[in-house]
Amino acid sequence: MSEELPPSDTGKQEAADEVRATDADAWATACAEDLAAEKARRRAQYGPPPGSAAEELRKLVDAVADKLSTIQSPLLGAVAGPAAQQVVKQVVEQAKAAVEPVIERNPDVFDHLAAAGNEILAAYRSAVQAQERRWTGRTDDDPELDELDDDRGDESGPGQRIDLD
């Protein structure tokens, strides 16, 4: 007796895997196209996005250097003007030479510092907004105000005394 094996479903399974892979690629391609279109729309609406923090620092150093090199000093007079300008240019070039290697060696550091600065700013804003809500949300029958009045002693009036000396 010969045993007959049931027909194999491997062909169907391979075709299904191929369709899934194609669908996944199509989905990834569509997402990438949508993202590129959105970036292009934002660039058209808002202009080019800012560069990294290191690039922005380079731009700042270049702008300051250009501005300092074009300043004419009326205090030094006509005689000392060119010599003073040469000294300023030399100092600016030395500063750029000192900053540039630091930027090139550690570009990610400036991105991290910028992100940390944004986090500190967000925390400060949150604290200030919370305090402003407490200040502006008080009423005359607020129990916190009664506690403050008790702490002030015999001073009358809603404000606190500030010693300017």
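Model, not experiment: these values are computed from the prediction. For the numbers below, each heavy atom of this structure counts, side chains included, while hydrogens, waters and symmetry mates do not.
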(request) Taking all non-hydrogen atoms of both residues into account, name the closest pair between Ala53 and Ala114 and its distance. (result) CB-CB, 4.1 Å

(request) Kindly write out the residues that satisfy salt bridge (charged side-chain N to carboxylate O under 4.0 Å, His left out) with Asp62, not counting sequence neighbours, or none if the list is empty. (result) Lys96

(request) Would you list the pairs meeting salt bridge (Lys or Arg N to Asp or Glu O under 4.0 Å) in which at least one residue belongs to residues 44-60, sequence neighbours left out? (result) Glu56-Lys59, Arg58-Glu100

(request) I would like to know whether Gln90 and Glu93 meet side-chain contact (heavy atoms from CB on, under 4.5 Å); could you show each step before the answer? (result) CA-CA 5 Å; Gln90 185 178 6; Glu93 290 302 319; 5.8 Å; no

Taking distance alone, no hydrogens or angles, what donor-acceptor pairs closer than 3.5 Å link side-chain atoms of residues 121-130 to residues at least two apart or in another chain?
none

(message) By the salt bridge (Lys or Arg N to Asp or Glu O under 4.0 Å) test, which pairs, at least two apart or in different chains, include something from residues 35-49?
(response) Glu38-Arg41, Glu38-Arg42

(request) Could you tell me which residues satisfy side chain to side chain contact (heavy atoms under 4.5 Å, CB included) with Val91, sequence neighbours excluded, listed by chain and number? (result) Val87

(request) Would you mind listing every salt bridge (Lys or Arg N to Asp or Glu O under 4.0 Å) that reaches into residues 106-124, with sequence neighbours excluded? (result) none

(message) Could you report the tightest heavy-atom contact between Phe110 and Leu57, atom names first, then the distance?
(response) CE2-CD2, 3.5 Å

(message) Distance check, rounded to the nearest 0.5 Å: Leu113 atom CG versus Asn118 atom CG?
(response) 11.0 Å

